[in-house]
Amino acid sequence: MGRELIACLAGVALFAVPGLALTSFFPALRSVPWTRRPGYGYLLGVAAVAGSLYAMSAVLDVPLRRPAILGTAAALTIAGLVKMWLTRTDRAEHRPLPRRARAIVLAAALAGAGVSAGLLADAVSEPLLGWDGRMQWAAQARYIRFEGSVLPIAMTRGQWFINHPRYPVLLPVAQVAVLEVTGAGEDDVFFRGVYAAFLPALLLVVYDGARRWAGWLPAAVTATAAAGLHFLTFYMDGGAISGYSDFPLACFYGAAVVLLLRSQVTAADGVAAGLLLGAACLTKNEGTILAGFALLAGALPLLPRFRRRREAPPVPRRRLLLKGSRLAAAAALLLTALALFVHWRTIIPNRHDEGYSELVREESLWPDAVVRLPDLAGEVLFRTFLTWEHWTGFWWVYVVVLVAGWRVFAGRRGALSRPLALAALGPLAVAWGAYSVHWQPVELIKVTWERFLVQASIPALLLFALALGAVLKRALPGLAGRLARSGHSEKP
């Protein structure tokens, strides 16, 4: 058990240390307190280290062995530490909370830490379970590790039977990196810690976004609720405990949305968001589409709109240009990752895959998406609201809180809530498009719908926190001042 624990923690550190150092390059992340920054740092580390290895192997044919892996991680770490030393005078935001508030936030942190520790305990003591984790991502990692390349013969030659050979392989590359660095045997699953670490990353990103936009109490409640959702945490076929790529995709996508909606308006922050969107593109096929939704969400507050007399004046032109530069930087990084993915994908012949691009060409999204609605809606509603063992009734509470806090969509507050709603609906729109052309949509819903809910989790949870904050302020008027003094550090 000790060997497994050390190896799992070393695998997490392989990405967490470089990523945490890289946060020093981005003003929006330098302003995040150190207690929350590891969430973004871990995601940046996986994106930068695994993404660099993916690119070097696919384009330069660099072997995915220990020298390249450790060299990449060390180079990124050193660069980040140098930047950290040069910007050591910068101070992170820190607004002290009242004693009672600190107790509540500490309780929420302990809840999240307890669930995360449970995931780590499972990772070091149990084999990898879950169909896609074993059949898809771990299998691809075996081929990649055997040849030290993201283009192994088993994938580039069409006679070999491989399910979904053209699925992007960022997470299998991360698995290979951990196994190579730790000197793991063929059957060791030390990489499971990498997947388990995505849960605390998600909880920290959710808490950080909710804290700055809704206040400390909605943030604590929302993060605690997320830690208690079985499908999000301990569900074998898509939760953080599994080897599926849906949960990492949710983290990359959601953290990028948070960065694009932050009030900081530097192009450097767009680079951070672009790295995460590029990681989303290289994690799952739908990641590219979700990245487009993230960019749309980031652009939504900049679009011209009719304003009432009492609303804030139009955004100054300089601010628009700065926000536009952030979106442009993010889009540039995304296009770079997309070019890498297309280059890698064209070398691999397709077989044993649903081929959604061909299905879309053969079938019509319209009017099939509407015609199939009555047949599919029942299964979707069942999977969302009636699978108590998966969601513990959370979506019932979610709808009630959103209806009660509807004012967050109006006026100035809508400048934040509307982009978050768009980002939360993005994965669900992708799901509905797939169901509209699939030959067995009901069966597909049974195994995928809740995984799309996972992909939408961060913007959906932040929207929940905003609505909850509005409800609490109306129900407890005296709370409004305390939330403003100790929670809101940014305005929509």
Side-chain angles (χ1 to χ4, degrees), residues 22-23 25-32 36-37 39-41 43-44 47-48 201-202 204-214 249-281 283 286-303 305 315 318-338 412-427 429-430 455-463 465-466 489-492:
L22 287 176
T23 60
F25 281 97
F26 310 113
L29 296 181
R30 289 201 301 268
S31 69
V32 176
R36 306 178 221 160
R37 202 183 300 187
Y40 297 98
L43 300 179
L44 278 177
L202 180 141
L204 287 171
V205 170
V206 167
Y207 179 80
D208 178 65
R211 169 75 182 272
R212 67 180 63 253
W213 290 328
L249 175 58
C251 293
F252 295 134
Y253 173 59
V257 169
V258 172
L259 290 178
L260 289 174
L261 294 179
R262 285 281 306 270
S263 64
Q264 280 83 357
V265 288
T266 68
D269 299 323
V271 172
L275 284 171
L276 296 174
L277 293 180
C281 170
T283 296
E286 60 265 34
T288 302
I289 304 175
L290 296 188
F293 274 97
L295 293 175
L296 285 175
L300 194 59
L302 308 182
L303 299 179
R305 56 188 182 274
V315 180
R318 181 174 179 274
R319 191 180 178 92
L320 284 172
L321 290 174
L322 288 172
K323 287 190 173 184
S325 68
R326 178 171 58 181
L327 287 171
L333 267 292
L334 171 61
L335 290 176
T336 302
L338 183 59
R412 293 176 59 192
R413 289 174 291 186
L416 179 60
S417 56
R418 287 191 290 266
L420 285 174
L422 175 63
L425 291 173
V430 173
Q455 293 178 17
S457 57
I458 290 182
L461 287 167
L462 292 175
L463 194 60
L466 287 173
S489 58
E490 293 184 356
K491 298 295 182 183

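As the structure is a computational prediction, the values presented were derived from the model and not from experiment.
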Do [X] side-chain atoms and [Y] backbone N/O form a donor-acceptor pair below 3.5 Å?
X: Arg326; Y: Leu259; value: yes
X: Asp208; Y: Arg36; value: no
X: Arg37; Y: Arg30; value: yes

Worksheet item: Is there a donor-acceptor contact under 3.5 Å linking the side chains of Arg262 and Ser31?
Response: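 On atom types as modelled, these side chains qualify, holding a pair under 3.5 Å.
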Could you pull out the closest heavy-atom pair between [X] and [Y], with the gap in Å?
X: Ala28; Y: Asp269; answer: N-OD1, 2.8 Å
X: Cys281; Y: Thr288; answer: SG-OG1, 3.1 Å
X: Ile458; Y: Ala250; answer: CD1-O, 3.7 Å
X: Phe293; Y: Ala429; answer: CZ-CB, 4.1 Å
X: Gln455; Y: Leu290; answer: OE1-CD1, 3.5 Å
X: Ala330; Y: Ala273; answer: CB-CB, 4.3 Å

Item to complete: Kindly indicate, with the supporting measurements, whether the criterion side-chain contact (heavy atoms from CB on, under 4.5 Å) is fulfilled by Leu275 and Phe26.
Response: CA-CA 12 Å; Leu275 284 171; Phe26 310 113; 4.3 Å; yes
[atom2] on [Y] to [atom1] on [X], rounded to 0.5 Å:
X: Leu276; Y: Leu260; atom1: CG; atom2: CG; result: 9.0 Å
X: Leu277; Y: Thr336; atom1: CG; atom2: OG1; result: 12.0 Å
X: Leu463; Y: Leu425; atom1: CG; atom2: CG; result: 9.0 Å

Item to complete: Determine, stepwise, if the pair Leu29 / Leu44 fulfils side-chain contact (heavy atoms from CB on, under 4.5 Å).
Response: CA-CA 11 Å; Leu29 296 181; Leu44 278 177; 3.5 Å; yes
Fill in: Intermediate values then yes/no, side-chain contact (heavy atoms from CB on, under 4.5 Å), Val258 and Leu462
CA-CA 9 Å; Val258 172; Leu462 292 175; 3.5 Å; yes
Item to complete: Not counting sequence neighbours, which residues clear ring pair (Phe, Tyr, Trp, His ring centres under 6.0 Å) with Tyr253? List them please.
Response: none
Practice prompt. Would you check if Thr23 and Val32 make a side-chain contact, meaning some heavy-atom pair closer than 4.5 Å?
Written response: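 Heavy-atom side-chain distance check fails, nothing below 4.5 Å.
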Worksheet item: Is Pro427 close to Leu249 at the side-chain level, that is, under 4.5 Å between some pair of heavy atoms?
Response: no
Fill in: Pair Leu202-Leu43, side-chain contact (heavy atoms from CB on, under 4.5 Å): steps then yes or no
CA-CA 9 Å; Leu202 180 141; Leu43 300 179; over 6 Å; no
Practice prompt. Tell me, please, which residues at least two apart from Ala460 pass side chain to side chain contact (heavy atoms under 4.5 Å, CB included).
Written response: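 Expected list: Tyr398, Ala424.
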Worksheet entry | For Ala331, all residues meeting side chain to side chain contact (heavy atoms under 4.5 Å, CB included), sequence neighbours excluded | Leu295
